Asker: 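Quick one: this structure, given as C-alpha cells, is what I'll be asking you about.
Being a predicted model, the structure only gives us computed values, none of them experimental. Note that these values count all heavy atoms, side chains included, but never hydrogens, waters or copies made by symmetry.
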Amino acid sequence: IEQNSKSCTIKSISSKIDLNFDNSLRKAFLIVKEMAKNCKEGYEKSDKSILQDTYLRGLEVNRLCHFCLRQINKEHYYEPYLAQQTHVLYFLVDQLEMIGGIYKRLAKTLDTSKKKNSEIVDLLCTLLEQFEITYTYFYMATKEKANKAQEIFEDIQNKIVKATTKKSLNENVPVLFLISTISYTLQNFITMRIDFLKESK
C-alpha cells in the first residue's frame, strides 16, 4: 500500500481483489510521483539504494494502469468527470504508464553516473515540480495551473538546450534526453485536458 526507502506497508487480502478505478488511477499517479522524488533524492544524495528501489515501483504502476485501461475498455468506471472524454482518458492513462517506465530507465541511468552534477539536480527538482502541478491539474483544472505548467515545461526545455552546449554535461546526454521526454509527456496532460478548464466554453 505504501513504500519508501526504509519501510513498506502490506495489506493482506483474503478474498478476491476489489480494485476501484479512481483509487487505482490516483495510486498510479502517487507512485510515479514517488519515483520522481526518489530519482531526485537518490541522485542528489548519491544513494544507490534509493535509485534501485525506484526500479521496482514501475511494476506497480504497470499493474494499476493496465487495470484502468481494462476498465475503460469495459466502461466500468463511474466518475462522470472522467467519463466525459473516454479516448482522452485512455491516452493519458497510457501516457502515465509510459512516464513510470521512463522514470525507471532514468533511475537506472542516474545509478550509473560517475559523479553528481548540480545542473542535473536542478533539472530533476524542476521536473518534480512539473509532475506535481500536472497531477493537481488533472483532478482540478484551472487556468492558473495550466499556465504554471507551461512555464515549468519551457523552463526545463531551455535548461536542457543550454546544458547540451556544455562539455561538462556530455556524459549526461542520456539523462537529459530522458528528462526532456518525461517533460514533454507530462505536457500532454495539460494540452489534452484543456477543455476541462472551468473557464473554457
Side-chain angles (χ1 to χ4, degrees), residues 1-11 13 17 19-73 77 82 89-113 116 120-121 123-139 149 152-153 156 160 172-190 192:
I1 297 176
E2 293 182 4
Q3 180 177 332
N4 56 45
S5 61
K6 297 181 179 178
S7 66
C8 66
T9 302
I10 298 174
K11 180 179 180 180
I13 304 173
I17 297 176
L19 293 175
N20 169 276
F21 179 90
D22 193 46
N23 289 343
S24 297
L25 183 56
R26 282 183 181 271
K27 183 64 177 175
F29 263 114
L30 293 174
I31 292 174
V32 178
K33 180 180 176 181
E34 183 182 332
M35 293 172 74
K37 287 181 177 179
N38 284 352
C39 281
K40 180 192 80 71
E41 183 181 340
Y43 181 76
E44 191 174 24
K45 295 181 178 179
S46 299
D47 190 330
K48 289 183 177 294
S49 64
I50 295 177
L51 292 171
Q52 290 165 4
D53 177 65
T54 306
Y55 305 171
L56 303 176
R57 301 318 307 272
L59 296 174
E60 183 68 4
V61 174
N62 291 348
R63 185 181 73 87
L64 292 168
C65 287
H66 287 167
F67 166 78
C68 290
L69 292 175
R70 287 196 301 272
Q71 293 299 92
I72 293 172
N73 284 334
Y77 54 91
L82 291 175
L89 182 59
Y90 190 97
F91 172 74
L92 293 180
V93 172
D94 185 64
Q95 293 288 284
L96 181 61
E97 181 190 8
M98 186 169 76
I99 292 172
I102 300 171
Y103 262 119
K104 181 179 177 180
R105 288 173 57 195
L106 178 59
K108 287 185 176 181
T109 306
L110 292 171
D111 191 22
T112 60
S113 297
K116 182 173 65 177
I120 297 296
V121 172
L123 275 168
L124 291 171
C125 289
T126 310
L127 187 62
L128 175 58
E129 185 182 0
Q130 184 185 6
F131 187 91
E132 289 174 338
I133 194 72
T134 300
Y135 169 64
T136 59
Y137 175 89
F138 183 85
Y139 286 103
I152 298 171
F153 168 72
I156 288 174
I160 289 174
N172 289 298
V173 168
V175 171
L176 294 174
F177 171 75
L178 293 171
I179 290 174
S180 179
T181 303
I182 292 171
S183 181
Y184 267 104
T185 308
L186 284 173
Q187 191 64 5
N188 287 333
F189 284 80
I190 306 300
M192 294 295 289

Asker: Check the pair Leu123, Val175 against side-chain contact (heavy atoms from CB on, under 4.5 Å), reporting the backbone distance first and the verdict last.
Answerer: CA-CA 10 Å; Leu123 275 168; Val175 171; over 6 Å; no
Asker: Is Leu110 close to Ile120 at the side-chain level, that is, under 4.5 Å between some pair of heavy atoms?
Answerer: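 Heavy-atom side-chain distance check passes, below 4.5 Å.
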Asker: Among Thr185, Leu186, Ile179, find the one that has a side-chain contact (heavy atoms from CB on, under 4.5 Å) with Ile182.
Answerer: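 Going through the options one by one, the only one that passes is Leu186.
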Asker: Is there a side-chain contact between Leu106 and Thr54 in this structure, where contact means two heavy atoms from C-beta onward sitting under 4.5 Å apart?
Answerer: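 No, side chains not in contact.
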Asker: Whether the side chain of Thr181 engages the backbone of Phe177 through a donor-acceptor N/O pair (distance < 3.5 Å, no angle test) should be reported.
Answerer: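 Here the side-chain-to-backbone pair exists.
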Asker: How about Ile152 and Ile156: do any of their side-chain heavy atoms sit closer than 4.5 Å?
Answerer: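 Ile152 vs Ile156: side chains touch.
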Asker: Would you check if the distance from the ring center of Phe21 to the ring center of Phe67 is below 6.0 Å?
Answerer: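 No, ring centres 6.0 Å or more apart.
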Asker: In Å, rounded to the nearest 0.5 Å, how long is the span from CD of Gln130 to OH of Tyr184?
Answerer: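 It comes to 11.0 Å.
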Asker: Rounded to the nearest 0.5 Å, what separation is found between the CG atom of Asn188 and the OG1 atom of Thr134?
Answerer: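 Rounded to the nearest 0.5 Å, the CG-OG1 separation comes out at 10.0 Å.
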Asker: Closest approach of Leu25 and Cys68, non-hydrogen atoms and distance?
Answerer: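 Here Leu25 and Cys68 meet closest at N-SG, 3.7 Å.
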Asker: Does anything in residues 101-113 pair up under salt bridge (charged side-chain N to carboxylate O under 4.0 Å, His left out), and if so which pairs, sequence neighbours excluded?
Answerer: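 Qualifying pairs: Lys48-Asp111.
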Asker: Enter the distance from Arg26:CZ to Phe138:CZ here, rounded to the nearest 0.5 Å.
Answerer: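 Atom-to-atom, Arg26:CZ and Phe138:CZ are 9.0 Å apart.
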Asker: At what distance, to the nearest 0.5 angstrom, does CD1 of Ile102 lie from CE of Met35?
Answerer: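 These two atoms lie 10.5 Å from each other.
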Asker: Does Tyr135 have more than 12 heavy atoms from other residues, nucleotides or ligands lying within 6.0 Å of its OH?
Answerer: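 Yes, because the 6.0 Å sphere around OH of Tyr135 holds more than 12 heavy atoms from other groups.
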Asker: Is there a side-chain contact between Ile99 and Phe189 (heavy atoms, below 4.5 Å)?
Answerer: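 Touching, per the 4.5 Å side-chain cut-off.
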Asker: What heavy-atom pair brings Ile133 and Thr136 nearest, and what distance separates the two atoms?
Answerer: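 So the two residues come closest at O-OG1, 3.0 Å.
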Asker: Is it true that Arg63 and Glu60 make a salt bridge, defined as a side-chain N closer than 4.0 Å to a carboxylate O?
Answerer: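 Looking at Glu60 together with Arg63, the answer is yes, because their closest N to O distance falls below 4.0 Å.
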Asker: Please report the closest heavy-atom contact between Leu64 and Ala28, naming both atoms and the distance.
Answerer: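 Answer, listing the atom of Leu64 first, then Ala28: CD1-N, 3.7 Å.
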Asker: Can you check side-chain contact (heavy atoms from CB on, under 4.5 Å) on Asn23 and Lys27, steps first, answer last?
Answerer: CA-CA 6 Å; Asn23 289 343; Lys27 183 64 177 175; over 6 Å; no
Asker: Side chains of Glu97 and Val93: does their closest heavy-atom pair fall under 4.5 Å?
Answerer: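 The answer is no; the side chains never approach within 4.5 Å.
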Asker: Do Tyr103 and Ile31 make a side-chain contact, defined as non-hydrogen atoms from C-beta onward lying under 4.5 Å apart?
Answerer: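 Tyr103 vs Ile31: side chains apart.
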Asker: Salt bridge check, Glu44 against Lys40: does any charged N sit closer than 4.0 Å to a carboxylate O?
Answerer: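 Answer for the salt bridge query: yes.
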Asker: How long is the gap from CG on Leu124 to SG on Cys39, to the nearest 0.5 Å?
Answerer: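 Here the rounded value is 7.0 Å.
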Asker: Answer yes or no: is there an ion pair linking Asp53 with Arg57, defined by an N-O contact shorter than 4.0 Å?
Answerer: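 A salt bridge is absent here (no side-chain N lies under 4.0 Å from a carboxylate O).
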Asker: Of all the heavy-atom pairs spanning Ala36 and Leu128, show the shortest one and how long it is.
Answerer: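 Here Ala36 and Leu128 meet closest at CB-CD1, 3.8 Å.
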Asker: So which heavy atom on Val61 is nearest to which on Gly100, and how close?
Answerer: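 Between these two residues, the closest heavy atoms are CG1-CA, 4.5 Å.
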Asker: Answer whether the closest heavy-atom distance between the side chains of Ile190 and Phe153 falls below 4.5 Å.
Answerer: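 They are not in side-chain contact.
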Asker: Provide the closest heavy-atom pair for Ser113 versus Asn172 in the form atom of the first, atom of the second, distance.
Answerer: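 Taking Ser113 first and Asn172 second, the nearest heavy atoms are OG-OD1, 4.2 Å.
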Asker: What is the distance from atom CD of Gln187 to atom CD of Gln95, rounded to the nearest 0.5 Å?
Answerer: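 These two atoms lie 12.0 Å from each other.
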